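Starting from 1, each residue takes its place in the sequence as its number. Quick note: numbers below take in every heavy atom, side chains included, and nothing from hydrogens, waters or symmetry partners. Small disclaimer: the values here were computed from a predicted structure and weren't measured. Order of listing sets the numbers, starting from 1, for every ligand and every atom in it.
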Amino acid sequence: MIEIDEAKCNGCNLCASVCIGGPIYKGPEVRDDGRIICVECGHCYAICPEDAITLTGFAGFKPHELAEKPPVDGPAMMALLRGRRSGRMYKPEPVSREHVQELIEAASLAPSAHNGHLTKAYVCYDEGTISRIRERTISYYRRLVWFFELPGFPLVWRLMGLDPEELEVLKYAFRGLWESDKNDDILLYGTKTLLTFTAPRRNAMALGDAWIAAQNAVNYAETIGVATCYNGFLIHAANHDKGLRKTMGIGGGEKVVAVLNLGYPRHRYRRAAPRRIMDTAWQ
Ligand SMILES: Cc1cc2nc3c(=O)[nH]c(=O)nc-3n(C[C@H](O)[C@H](O)[C@H](O)COP(=O)(O)O)c2cc1C
């Protein structure tokens, strides 16, 4: 809920101008006719030059004054983004709780539709559970490959309008989970720390929110020396195998949006990997 200290308010109306929901209008008045939605975005609080606005209901929130310029400049931010890599070679120890907590805080600061913040985080350190997650995921993909290899399946695949070559690529990738001769754990890479982000299954917009939240955590992780790697295999399997979701402690009402393998990197990347600038249409 918004509270305005009328003694401090100078009536500049910036709070009303920045408000998207409409509960504030013209100076120090809060319209409360039960029809207007405040999404608690806090823009009124953040913009007020007199610090006259309080948002109640944010236990533990520590005020944070902003300098005129962002604390990181363009070249530094671009260098961070350029240097970010998926990390798959970890030291044996798990990522500390303090570091995981920081990743979750970074994720919690991401934008979200209607300021909904419906993303939930699940942290798994338990080695037995991680091992069961691995087994269950691999057995899910074994079943899938068995299904793909049924005699009529390629025809069904083509009738679904899907590319036959992709079917071969998928079979090869899935088989690699148990047949790889390069590394015996190309699913989890020996991680001791799994961080999963979920969204309510029946809320279409919350899916995007969870992705963005996860990427906030990924970018922040670079700054504290934590390696991250999205785990697409696990994301897909968890959304199709109830038992796996149960092993991960995730309820049926939630969709698994992002899973990150975390670890302290065993090696450092020496240079940025080449990337193409995406196709862009300007008008
Ligand atoms: C949605 C998504 C799923 C991914 N799934 C996996 C995965 O299952 N296993 C893996 O090793 N890497 C996975 N990755 C990491 C990509 O392979 C990686 O981002 C890509 O090769 C580019 O490398 P970079 O992240 O260092 O730029 C995934 C990335 C994304 C965005």
Side-chain angles (χ1 to χ4, degrees), residues 77-91 95 103 106-107 110 119 121-122 124 130-131 133-145 148 166 169-199 204 206-241 244-245 247-248 250 254-279:
M77 186 69 192
M78 200 62 92
L80 178 89
L81 296 174
R82 205 171 265 128
R84 179 214 55 77
R85 288 280 69 79
S86 295
R88 303 180 176 94
M89 290 180 278
Y90 313 126
K91 288 182 179 164
V95 172
L103 299 188
T119 305
Y122 291 81
C124 183
I130 290 178
S131 158
I133 288 172
R134 185 170 181 278
E135 281 158 26
R136 184 101 207 182
T137 306
I138 289 175
S139 90
Y140 167 81
Y141 283 105
R142 278 185 186 274
R143 287 199 306 278
L144 206 57
V145 169
F148 283 177
E166 198 195 344
V169 171
L170 288 177
K171 278 197 273 187
Y172 175 81
F174 297 162
R175 275 208 208 93
L177 290 172
W178 56 92
E179 285 176 2
S180 170
D181 53 2
K182 187 173 159 208
N183 183 323
D184 63 1
D185 185 11
I186 65 162
L187 179 68
L188 297 172
Y189 304 105
T191 184
K192 302 275 174 52
T193 318
L194 273 181
L195 175 57
T196 299
F197 294 98
T198 68
L207 296 182
D209 296 348
W211 270 123
I212 298 165
Q215 189 56 32
N216 255 27
V218 165
N219 288 337
Y220 181 77
E222 288 291 315
T223 71
I224 56 170
V226 171
T228 62
C229 188
Y230 281 103
N231 195 322
F233 286 119
L234 186 41
I235 297 166
H236 173 84
N239 285 319
H240 291 83
D241 182 337
L244 174 57
R245 259 200 322 275
T247 308
M248 295 169 81
I250 295 165
E254 283 169 79
K255 189 170 171 74
V256 175
V257 180
V259 182
L260 297 173
N261 301 343
L262 303 180
Y264 292 114
R266 251 193 296 135
H267 304 280
R268 79 176 181 87
Y269 289 100
R270 306 286 169 152
R271 55 198 66 82
R275 289 287 179 269
R276 294 176 192 90
I277 301 296
M278 64 179 69
D279 283 351

Exercise. Just jot down the salt bridge (charged side-chain N to carboxylate O under 4.0 Å, His left out) partners of Arg136, sequence neighbours excluded, or say none.
Key: Asp241

Self-check item: Mutual orientation of the aromatic rings belonging to Phe233 and Phe174 [parallel < 30°, tilted 30-60°, perpendicular > 60°]
Solution: perpendicular

Exercise. Begin with the C-alpha distance, continue with both residues' side-chain angles, and end with the deciding distance and a verdict on side-chain contact (heavy atoms from CB on, under 4.5 Å) for Asn231 and Leu187.
Key: CA-CA 7 Å; Asn231 195 322; Leu187 179 68; 3.7 Å; yes

Practice problem: Could you pull out every protein residue that has a heavy atom closer than 4.0 Å to ligand 1, ordered by chain and then number? | Solution: Arg84, Arg85, Ser86, Arg88, Tyr189, Trp211, Cys229, Tyr230, Asn231, Gly232, Phe233, Arg275

Hey, can you pull the donor-acceptor pairs under 3.5 Å for the side chains in residues 266-277, sequence neighbours left out?
{"from": "Arg266", "atom 1": "NE", "to": "Tyr90", "atom 2": "O", "distance (Å)": "3.1"}
{"from": "Tyr269", "atom 1": "OH", "to": "Ser86", "atom 2": "O", "distance (Å)": "2.9"}

Exercise. Tell me yes or no: between the side chains of His236 and Tyr140, is some donor less than 3.5 Å from an acceptor?
Key: yes

Can you list, pair by pair, the side-chain donor-acceptor contacts under 3.5 Å of residues 209-222, counting residues two or more places apart and other chains?
{"from": "Asp209", "atom 1": "OD1", "to": "Ala113", "atom 2": "N", "distance (Å)": "3.0"}
{"from": "Asp209", "atom 1": "OD2", "to": "Ala113", "atom 2": "N", "distance (Å)": "3.3"}
{"from": "Gln215", "atom 1": "OE1", "to": "Tyr230", "atom 2": "OH", "distance (Å)": "2.7"}
{"from": "Gln215", "atom 1": "NE2", "to": "Asn219", "atom 2": "OD1", "distance (Å)": "3.1"}
{"from": "Asn216", "atom 1": "ND2", "to": "Ala106", "atom 2": "O", "distance (Å)": "2.8"}
{"from": "Tyr220", "atom 1": "OH", "to": "Glu102", "atom 2": "OE1", "distance (Å)": "2.6"}
{"from": "Glu222", "atom 1": "OE2", "to": "Arg85", "atom 2": "N", "distance (Å)": "3.4"}

